[in-house]
Amino acid sequence: MANPAIEKLIESLDNDLPRSALYQKKVPALAEAFDAEGMKTTLQERLIGPAEGRYAIIECIPGKALYLLDHIINMQYKLKILDNTNNQTIATLVNGRLFQDLAECKTYLDQTVLPIAARMDGRPEIKPFARPVAMIEHLNMAVSAFPIDGLIPTLVDATDPNKIASILAETLPDALSGQFSIKDVRLLLANYGRFKRCVLRYSVEGIQVEMQTPQNVTVYGKVDADGSGALTVSIISALREKLHEPEVLYRFRIPGSLGYFPDLHLLMMEALPGKPFFKELLKTWTGNSKRHESEHGKPSDDNTMTLEQAAKTCALIAATLHSSKIKLGPRRTLEIQVAELLDSAEVLYQVFPALGVQIKSWISQTVEFAQAYPDMPLCFSHGDFTYTQLIFEGREGGLVDFDSICQAEPAQDLGHYLAYQRLNIIKGQDPNLPFAPEAIERLCALFLSTYIDVSKGWIANEGLLRGRVAIYELISLIRLTLHSWEKMKGSRLKQTITLLEERIECQKQISLLAKNKTP
């Protein structure tokens, strides 16, 4: 049961955070920026022109907000625009950025966004817009039509079908060999919710030359703002080499790289067959850890994958990464992660003081807990090891998204996975028929015990690993709590606070028992 102070804190949080009183005090324009009808009118006037003209916005959905460390807020608007000449609708996005003052907004618009917009002349994406870029003065807000993004300047180039077709003609193996002739490239957004990063899906239409039959190829493109994608090419090459070694612990699938193109800040990747497993398997999960399990943590021959089997496979993938001895990726120590959390907590404190104080307290407690468990040696780690990065085709596991690859303690990936697993079971369960806490605990224990069973050759101290995993699980839950606030997700924020408090209390009991056993 939550202590009264935490219960009171949760009750004080509004599910509709953008319209909460505390947000209004810090960013008065936020409520209007989230007013769908009001922004539909404003965006019509500023970007398109009179609604009686050719193009009229018929739907405006505000969302994907992100509160940044400098108190600037990014958000997006999903628009449906009606072309009155043919009665067809156009689906598009508009990026918005709210600043603390108008001068800063104007500088950003003039020096960053307008030069990008100039490269969009003649592109069909901005045809409905009389002005694809504008400033909404009373909101201190700059807006721009997709793909114009001041934080990802090369996104306009990475979404140009002609440029992408030229790149693919020189990188797709079948195109290079003459077996595949590219006719058209269509763009689909895969993930455009992250800060300074966008994942694109290219549907490449063409002809299989020998048979002269239509063929479609899917390629993924990741556009970044910092050049981090360049390292991914080397990471994939090293990992592919490791996965071909005969003694590899578990041979899983990873996508092939088509190269990194620095002028576009674009990483091109082959599509990997399969899909994330967690949400689908959770629908049929009984919570019975004995069902459909096989020995030694290996998936059974049964064609029906269970959540337990998937969790075991994920543990095998983590162990394979950590034992690979690959030395690529930046260092991600506990101290580095704690410092980042404290920076974010300070921003939160300036908006929601009570929650900020509580988060800082939880960070301090976690650091104190960590003193009982010495640091472990760093190893090759995924950095964002969650169910969304692990996909299955049948019973065969695969791993995607290498943006966060790092050198970290093995416990970092494991704790991160467990934090997401616990939270997403809570999110995905029927609130009227929740899973038993014991069942959730068994699934988490199954993942960790599978990892330990296959890692005994290089993990010398099981107790130390378990202790560090618990610490990193708290670190990930604190980060999830901060992210829930930064993304203005009120319901998610309440869930993460509740889970975080539960895990903190669990660690307190473990620490107390350890102290009582000390002579």
Could you go step by step and tell me if Arg466 and Ile452 meet the side chain to side chain contact (heavy atoms under 4.5 Å, CB included) rule? CA-CA 9 Å; Arg466 289 183 180 275; Ile452 289 171; 3.5 Å; yes
OG of Ser344 to CD1 of Ile359, rounded to nearest 0.5 Å, is 10.0 Å
CD/Glu241: more than 12 non-hydrogen atoms of other groups inside 6.0 Å: no
Test side chain to side chain contact (heavy atoms under 4.5 Å, CB included) on Leu243 and Thr320; report intermediate values, then the result. CA-CA 9 Å; Leu243 290 172; Thr320 303; 4.1 Å; yes
When every non-hydrogen atom of Phe252 is compared with those of Gly397, the smallest separation belongs to CB-O, 3.5 Å
Side chains of Gln421 and Tyr387: is there a donor and an acceptor less than 3.5 Å apart? no
So which heavy atom on Ile236 is nearest to which on Pro255, and how close? CG2-O, 3.6 Å
Quick check: do Ile497 and Lys494 have side-chain heavy atoms less than 4.5 Å from each other? no
Salt bridge or not for Lys8 and Glu11, using N-O below 4.0 Å? no
Return the orientation label for the Trp458 and Tyr451 ring planes: parallel under 30°, perpendicular over 60°, tilted otherwise. perpendicular
Which atom pair, heavy atoms only, marks the closest approach of Asn424 to Lys427? OD1-NZ, 3.1 Å
For Glu501 and Trp362, which I'm curious about, is there any donor-acceptor pair between the side chains at under 3.5 Å? no
Please answer whether the main-chain N or O of Gly221 pairs with a side-chain N or O of Arg201 as donor and acceptor at a distance below 3.5 Å. no
Using the rule given for side chain to side chain contact (heavy atoms under 4.5 Å, CB included), can you reason through Thr496 versus Leu477, listing the C-alpha separation, both sets of side-chain angles and the distance that settles it, and then say yes or no? CA-CA 7 Å; Thr496 56; Leu477 286 172; 5.8 Å; no
Kindly assign one of parallel, tilted or perpendicular to the pair Tyr108 and Phe99, based on the angle between their ring planes and the thresholds 30° and 60°. tilted
Does the side chain of Phe435 reach to within under 4.5 Å of the side chain of Leu282, using non-hydrogen atoms? yes
Around atom NZ of Lys275, are there more than 12 heavy atoms from other residues, nucleotides or ligands closer than 6.0 Å? no
Under 3.5 Å: donor-acceptor pair, side chain of Ser449, backbone of Leu446: yes
Would you compute the distance between atom CG of Leu414 and atom SG of Cys444 and round it to the nearest 0.5 angstrom? 11.5 Å
Measure the shortest side-chain to side-chain distance between Leu17 and Asn15 over non-hydrogen atoms and say whether it is less than 4.5 angstrom. no
Would you find a donor on one side and an acceptor on the other, under 3.5 Å apart, between the side chain of Arg253 and the backbone of Pro273? yes
Looking at Ile471, is its backbone amide N or carbonyl O close enough to the side chain of Arg503 to form a donor-acceptor pair, meaning the two atoms are under 3.5 Å apart? no
Would you please say whether a donor-acceptor pair under 3.5 Å links the side chains of Asn191 and Lys222? no
Salt bridge (charged side-chain N to carboxylate O under 4.0 Å, His left out) evaluation trace for Asp403 with Arg197: CA-CA 10 Å; Asp403 301 336; Arg197 190 170 294 156; 3.5 Å; yes
With Glu245, which residues qualify under side-chain contact (heavy atoms from CB on, under 4.5 Å), at least two apart? Lys242
Main chain of Ile459, side chain of Ser455: is a donor-acceptor contact present, judged purely on distance under 3.5 Å? no
Is the shortest side-chain N to carboxylate O distance from Lys312 to Glu308 below 4.0 Å? no
How about Gln337 and Tyr472: do any of their side-chain heavy atoms sit closer than 4.5 Å? yes
Within 6.0 angstrom of Tyr349 OH, more than 12 heavy atoms from elsewhere: no
List the atom of Leu200, the atom of Ala158, and the distance in Å for their closest heavy-atom pair. CD1-O, 3.7 Å
Is the side chain of Asp14 donor-acceptor paired with the backbone N or O of Arg19 at a distance under 3.5 Å, no angle test? no
Interatomic distance, Asp453 atom CG to Leu448 atom CG [nearest 0.5 angstrom]: 9.5 Å
Is it the case that Glu32 and His138 place a side-chain donor and acceptor less than 3.5 Å from each other? yes
Would you say that Ser257 contacts Met268 through its side chain, given a criterion of any heavy-atom pair below 4.5 Å between the two side chains? no
For residues Asn95 and Val143, determine if any side-chain heavy atom of one lies less than 4.5 Å from a side-chain heavy atom of the other. no
Donor-acceptor contact present, side-chain His416 to main-chain Ser476, <3.5 Å: no
Report the C-alpha separation of Phe392 and Thr313 in whole Å, then their side-chain angles, then the decisive distance to 0.1 Å, and conclude whether the side chain to side chain contact (heavy atoms under 4.5 Å, CB included) test is met. CA-CA 10 Å; Phe392 284 86; Thr313 301; 3.6 Å; yes
Counting only N and O atoms by type, is there a donor-acceptor contact under 3.5 Å from the side chain of Gln371 to the main-chain atoms of Glu368? no
Under 4.5 Å between any side-chain heavy atoms of Met39 and Met141, yes or no? yes
Can you tell me how far apart CD (Gln495) and CZ (Arg492) are? Round to the nearest 0.5 Å. 7.0 Å
Using a 3.5 Å cut-off and no angle test, enumerate the donor-acceptor pairs between side-chain atoms of residues 69-76 and protein atoms at least two apart in sequence or in another chain.
from, atom 1, to, atom 2, distance (Å)
Asp70, OD1, Ile72, N, 3.3
His71, ND1, Tyr67, OH, 2.7
His71, NE2, Gln350, OE1, 2.8
Asn74, OD1, Arg97, NE, 2.7
Gln76, NE2, Tyr192, O, 2.7

Lys325 NZ/CZ over Phe380 ring centroid, <6.0 Å and within 45° of normal: no
How far apart are the C-alpha atoms of Lys360 and Glu346, what are their side-chain angles, what is the distance that settles it, and do they pass the salt bridge (charged side-chain N to carboxylate O under 4.0 Å, His left out) test? CA-CA 8 Å; Lys360 289 181 180 181; Glu346 179 58 32; 2.5 Å; yes
For residues Ile478 and Thr481, determine if any side-chain heavy atom of one lies less than 4.5 Å from a side-chain heavy atom of the other. no
Looking just at side-chain N and O atoms, do Ser361 and Gln365 make a donor-acceptor pair shorter than 3.5 Å? yes
Answer yes if the side chains of Gln100 and Asn140 hold a donor-acceptor pair under 3.5 Å, and no otherwise. no
Could you tell me whether Lys456 and Glu462 have a side-chain N and a carboxylate O separated by less than 4.0 Å? no
Within the 3.5 Å criterion, strictly below it, is a donor on Arg468 or Gln412 matched to an acceptor on the partner's side chain? no
Side chain of Ser324, backbone of Leu321: donor and acceptor closer than 3.5 Å? yes
Hydrogens and angles aside, do Asp413 and His382 bring a side-chain donor and acceptor to less than 3.5 Å of each other? no
Show the nearest heavy-atom pair for residues Gly229 and Tyr260, with the distance to one decimal. C-CD1, 3.4 Å
More than 12 heavy atoms of other residues, nucleotides or ligands under 6.0 Å from NZ of Lys78: yes or no? no
Which atoms form the tightest heavy-atom contact between Ala345 and Ile363, and what is the distance? CB-CD1, 4.2 Å
Nearest 0.5 Å, please: how far is CD1 in Ile317 from CZ in Arg251? 13.0 Å
Gln407 side chain to Ile326 backbone, donor-acceptor under 3.5 Å: yes
